[in-house]
Trainee: 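The structure is given below, and queries will be raised subsequently.
So that the names make sense, note that chain A is the first sequence line, chain B the second, and so on, each numbered from 1.
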Amino acid sequence: MMLPAIILLPLLAGLVAWLAGRWSATAPRWIALAGTAVPLALTATFWGRPAEGRWIAAFGFDWIPAAGISFFLALDGLSLLLVLLTFFLGVLAVGVAWRQTDHRPGFFFFNLLWILSGTAGVFLALDLFLFFFFWELMVLPMYFVIGIWGHEHRTRAAIKFFLFTQAGGFILLLAILGLHFSHAAETGLHTFLYEDLLGGALPAGTAWWLMLGFFFAFAVKLPAFPFHTWLPDAHTEAPTAGSLILAGILLKTGGYGLLRFVVPLFPEAAAAFAPVALVLGAVGILYGAKLAFAQSDLKRLVAYTSVSHMGFVVVGVFAWNTWALQGVVVTMICHGLSTGALFILAGSLQERLHTRDLGRMGGFQVLAPRMTAFALFFAMASLGLPGLGNFVGEFLILLGGFQISIPVTVAAALGLVGATVYSLWIIQRAFHGTPAKGATLADVNFREAAILGALVLGLLGLGLYPRPVLDAAEPAVRWLEADAARPVPVVLAVEPPPHPPLP
Amino acid sequence: MLDLLWLIPALPFAGFLLLTLAGRLPRAVIAGIGCGTVGVGAIFSLLLCHRFLTAPPPDHAFTQSLWTWFDVAGLAPGIAFHLDALSLVMISVITGVGFLIHVYSAEYMRDDEGFQRFFAFLNLFVGFMLVLVLADNFVLLLLGWEGVGLCSYLLIGFWYREPANGAAARKAFVVTRIGDTALLLGLFLLFASLGTLHFQEAFAAASLAWEPGSGLAVAAALLILGGAVGKSAQLPLQTWLPDAMAGPTPVSALIHAATMVTAGVYLIARCHVLFELAPAVLLVVAIVGAATLLTAGFSALVQHDIKRVLAYSTISQLGYMFLALGVGAWSAAMFHFVTHALFKALLFLAAGALILALHHEQDMRKMGGLRHKLPAVFWTFLIGSVSLAALPLIGSGFYSKEKILWDVWISPLGGPAFWAVGVAGAVVTALYTFRMVFLVFFGESRGARVEHRPGPAVLAVLVILAVFSTFAGGIELPHTFGHVTFFSDFLDTALASLVVLPPGLDAELWALLLVASALVLAGAGVAWWLYGKRTQTSDTMGAAPPRDPLLRFWFAGWGFDAVYDTLLVRPYQFLARRNRRDLVDLGPVFIAALARGLHTLLSETQTGRLRWYASVLVAGTLVLLLLAFAQ
């Protein structure tokens, strides 16, 4: 019963927060804090529990038996980490929005909680129909968050976000239905259950198109080059808490989908597609880094860095060996923390200065040394400084990628130089130099310092001792590899050591 | 005693955390923390040296494993330290010279508003540098490697209000990161072909798996060389170091002369097994070193900024170390590393005292005649210069440079050509060194006024370094007089030298020594002829940049900056600027515009006028009828 509770609690808290917003301006945020902290604590109770078979915990009943649809939730190490990330950043997002949201706070927190609930559902649902239900559940509240509480061009950005994700969602629905019916045609079994659909012997042509459908939906969400153009607008216009959730969690559903569905469900088709995907990933890394460097809007700049970082996820998924997959897990978590932090900083600056234009910043180190220290830390995380979590992820992805394709790895590694250029550029434009005459800027307050400090500790922990996270993900990664069970194409001599047998 | 090894890097990190998190501290406390953490490390290092000399641990090495960093499918780098003769030499210099520079900084930076930030960064740097040289695997080395790069960036841009300093800092970070990317790829190659990134295991596996000269060995060594070239400012990635002089002078002394820039030398020495398997790459190392030492020497000849002379001089001296590495003379390279750390730190710190005394004047055209006004600085600077120029017998630089030149001559990988380049470089070195001495301290004053005299901390550090840089040469004396091989014997426990002195060469070596010494003295003499004998005025010293095209070419560092600017920086900026709006977005924008266009077109038909609707109705019916009849 724990698993549905993790999804239901934020839903209920959201409704209560909305209602409470009619009577009190401050009640909704306390309700939202509880509505994120309690699921976080519930999820944390699964930490360290051994898996029985594949799942650490599972919950299910027949939902619409006639159509083969069931309500099946299950948790393995991968979902556990991502659900933890969801609610951890959820708590921080509530903290970020604590005072920033004066306009209809009840409805704001309602939307925030429903997004979190949908995301948790996406990470837990292992019936594809249910998965699609949660996939759609995330979208509409996010549309409202951007469209109502966003900045100047919020309407346009919200619509663009909505259309892109709906296009992806529509293709995803078609692909899910296609998989359902072609699986039924092959086996006579009408099912949406993930585990039943694994290992299905689909005709190669069908598998190819279905794989492309899944890939498209997840690539839009991730976003992967060339489907990334909704992201800069959405990020730039969303309120800070929205950007945090969007960058920190929503993008991860795309990476999760690639890991969980695209390759395991269609191993041969994905292997055939891998060269294209690897190139798209590497192009995304370099192209995102270059575009980030060109921006003068701080939030837009950070948004493009996400495109660059998510390119690593694409490369890692399609390199598909233990190093790269573990790297993908770490990269997704650390990107959530570090990019989330950069958006929080951008939000703090906008709150104080009422601008995001880097051209109107500069010299803030004089005025706000503590904020500068935080910015420097997260810029270093973003450029992959060893000792911080992002390095572990990117290093493992590149190390795994090197076994698959040396040219792609070389290109991706050059992305680290690009990351250095844009990260240092942020510091130069906003914090170094001389402040304008008469400029004032309040340094980070206690609430901001607590939020950013939590992210600093997270990145340091993941950078210096990532083993707990890697260990948690390890069985799940092993299962994914077993599902995909295609021979790892090895360019060079070393093969990964044999895995211990699956339980 | 050995079990406390982890404390040596941990102390400066603790100092950094304390200085960062503790809020505003009194200056005495800040200096105490900053100097203390490194000073204790220096004492520990000395004790470790004693231990290694009197009761060496088994195999002359000691490994301390703290925890496993991560463990993924056979890749399990540890946070583990490996202490052998090589890393012991490195940590002794890092903590020893580092401590002196910290003490110096306590006075030098006394009036700076960023005093606490400065010591925090300096401590962080020492911590990372120690991790770099103590790491027992490539991944942990990379942590130190990138960490010192970060600190270098932070300290070059320490005076962040000036955009030029920020630009120099970014340039240093980005250029070295290009080399680091090569190093990173080298690690992937090593892991893919050897299955480990642990130093000793990888070297053992490589010697078994790879034939000398095999493709993988060459590729791996070349990629590692890429990293070394970036960090040690060798051709073609040397351009960042002269600009790095934007940082405070103690930073230039510590990071950009004594320690960080020698990380590339350390890396090649550490990976010498891999390089021995790739003789072609060793030749590349020697050529890079030889080319760098000459080109940078010529650039040093024409600079006016005293710190830029010293920067080019550092590049050039690092070139000597690379030349030595390239002929397999590991201990000669490391010997020069030690003496260079001492005399170059001394020169930078003396120059710093000078610059502070002249109220931040660095242009030698405005100095002159300072030996009477700043005698202590003059004498210590002169002692450093004697070492740098390798004047015979006095000063440690002579001994280490002669060792390199001899090894180059007798090594099977070297030969007379490389020796000749080395000697030519030594002449150039003597020339630019004494040009600097004569311009700054002799002749008439050309404008800069002494406004401030160095205090006790600065003087003490200068004197200590002067003593060390004079007598440090005694740990290794040439075969022909004295035959002391204390240093190379010690180092041979970790790095077996490829260069073995054949017997019966005494006459030949005496001849080489005499030729080299005579030429160096001649170089110093020419410097006196050009700059010491005649009285210079600031007008006769020439413009910056010089008018003569060749001199201007040298002045601008052989045009590398211009080439990189044209080929890389500007195209990148151009592309970034032109595509700021993201071309890919044109696709969705086009779809949106199409939809909107169709919408407008269709909504045009909804006029609300009955006559229009009726006529369209009739027209449509007619068309349908026509179509029907046409069938």
Trainee: Check each atom of B/Thr68 against the heavy atoms of chain A and say whether the ones under 4.5 Å are side chain, backbone, both or neither.
Mentor: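 Answer is both: backbone and side chain atoms of B/Thr68 are under 4.5 Å from chain A.
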Trainee: Quick check: closest heavy atoms across A/Phe431 and B/Tyr160, and the distance to 0.1 Å?
Mentor: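 Smallest heavy-atom distance, with atoms named: O-CD1, 4.4 Å.
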Trainee: What I'd like to find out is whether the side chain of B/Phe70 reaches to under 4.5 Å of the side chain of A/Phe395, using heavy atoms alone.
Mentor: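 A side-chain contact exists here, since the closest heavy-atom pair is under 4.5 Å.
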Trainee: Could you check which of B/Glu113, B/Arg577, B/Arg177, B/Arg581 has the highest count of heavy-atom pairs closer than 4.5 Å to chain A?
Mentor: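 Top count of heavy-atom pairs under 4.5 Å with chain A: B/Arg177.
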Trainee: What verdict does the side chain to side chain contact (heavy atoms under 4.5 Å, CB included) test give for B/Arg117 and A/Gln365, after you've listed the backbone C-alpha separation in whole Å, the side-chain angles of each residue and the deciding distance to 0.1 Å?
Mentor: CA-CA 12 Å; B/Arg117 188 163 53 94; A/Gln365 176 151 12; 3.6 Å; yes
Trainee: Which bit of B/Arg578 is near chain A, if near means a heavy-atom gap under 4.5 Å: side chain, backbone, both or neither?
Mentor: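 Contact with chain A involves no heavy atom of B/Arg578 at all.
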Trainee: What is the minimum heavy-atom distance between A/Ala413 and B/Leu185, and which atoms define it?
Mentor: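 Of all heavy-atom pairs spanning A/Ala413 and B/Leu185, the closest is CB-CD2, 4.2 Å.
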Trainee: Write down the atom of B/Pro588, the atom of A/Phe164, and the distance for their closest heavy-atom approach.
Mentor: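 Shortest heavy-atom contact: CG-CZ, 3.5 Å.
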Trainee: Output the option from B/Leu150, B/Asp180, B/Asn165 having the highest count of non-hydrogen pairs under 4.5 Å with chain A.
Mentor: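 Among the listed options, the one with the most contacts to chain A is B/Leu150.
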Trainee: Any side-chain heavy-atom pair from B/Leu187 and A/Phe402 closer than 4.5 angstrom?
Mentor: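 In short, these two side chains do not touch, never coming nearer than 4.5 Å.
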Trainee: Could you tell me which portion of A/Val477 (side chain, backbone, both or neither) has an atom closer than 4.5 angstrom to a non-hydrogen atom of chain B?
Mentor: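 Neither part.
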Trainee: Return the minimal non-hydrogen interatomic distance between A/Thr420 and B/Phe173, and the atom names on each side.
Mentor: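 Heavy-atom minimum between the residues: CG2-CD2, 3.9 Å.
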Trainee: Any non-hydrogen side-chain atom of A/Phe391 less than 4.5 Å from a side-chain atom of B/Leu142?
Mentor: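 Side chain of A/Phe391 against side chain of B/Leu142, heavy atoms only: contact under 4.5 Å found.
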Trainee: Taking every heavy-atom pair that is under 4.5 Å apart, which of A/Trp230, A/Tyr287, A/Phe225 has the most such pairs with chain B?
Mentor: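 Ranked by contacts with chain B, first place is A/Tyr287.
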Trainee: Is a side-chain N or O of B/Trp69 found less than 3.5 angstrom from the main chain of A/Val392, in a donor-acceptor match?
Mentor: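 No, B/Trp69 side chain to A/Val392 backbone: no donor-acceptor pair under 3.5 Å.
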Trainee: If you look at every heavy atom in A/Leu385 and B/Glu146, which pair is closest and at what distance?
Mentor: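 In terms of heavy atoms, the two residues are closest at CD1-O, 3.7 Å.
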Trainee: If you round to the nearest 0.5 Å, how far is CZ of A/Arg467 from CH2 of B/Trp67?
Mentor: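 So the gap between those two atoms works out to 12.0 Å.
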Trainee: First locate atom OH of B/Tyr153, then atom CG of A/Leu424, and finally report the distance between them rounded to the nearest 0.5 Å.
Mentor: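 The distance works out to 4.5 Å.
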Trainee: Just by modelled atom types, is the A/Leu414 backbone N or O under 3.5 Å from a matching donor or acceptor in the B/Thr181 side chain?
Mentor: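 Flag not set: sc B/Thr181 to bb A/Leu414 has no pair under 3.5 Å.
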Trainee: Among A/Leu383, A/Val421, A/Asp233, single out the residue with the greatest number of heavy-atom pairs under 4.5 Å to chain B.
Mentor: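 With the most close heavy-atom pairs to chain B, the winner is A/Leu383.
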Trainee: Could you tell me which of A/Leu376, A/Val366, A/Leu396 has the largest number of non-hydrogen atom pairs under 4.5 Å with chain B?
Mentor: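 Most heavy-atom pairs under 4.5 Å with chain B: A/Val366.
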Trainee: Would you say B/Trp6 has more than 12 foreign heavy atoms packed within less than 6.0 Å of its CH2?
Mentor: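 No, not enclosed.
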Trainee: What part of B/Leu154 is in contact with chain A, defined as an atom under 4.5 angstrom from a non-hydrogen atom: side chain, backbone, both or neither?
Mentor: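 Just the side chain, heavy atoms under 4.5 Å.
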Trainee: Counting heavy-atom pairs closer than 4.5 Å to chain B, which one of A/Leu416, A/Leu163, A/Val469 comes out on top?
Mentor: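 Most heavy-atom pairs within the cutoff with chain B belong to A/Leu416.
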Trainee: Does any part of the side chain of A/Leu470, heavy atoms only, come nearer than 4.5 Å to the side chain of B/Asp71, both counted from C-beta?
Mentor: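 SC-SC contact between B/Asp71 and A/Leu470 ruled out.
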Trainee: Given heavy-atom pairs under 4.5 angstrom as the criterion, report whether the side chain, backbone, both or neither of B/Leu197 touches chain A.
Mentor: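 Contact with chain A: side chain only.
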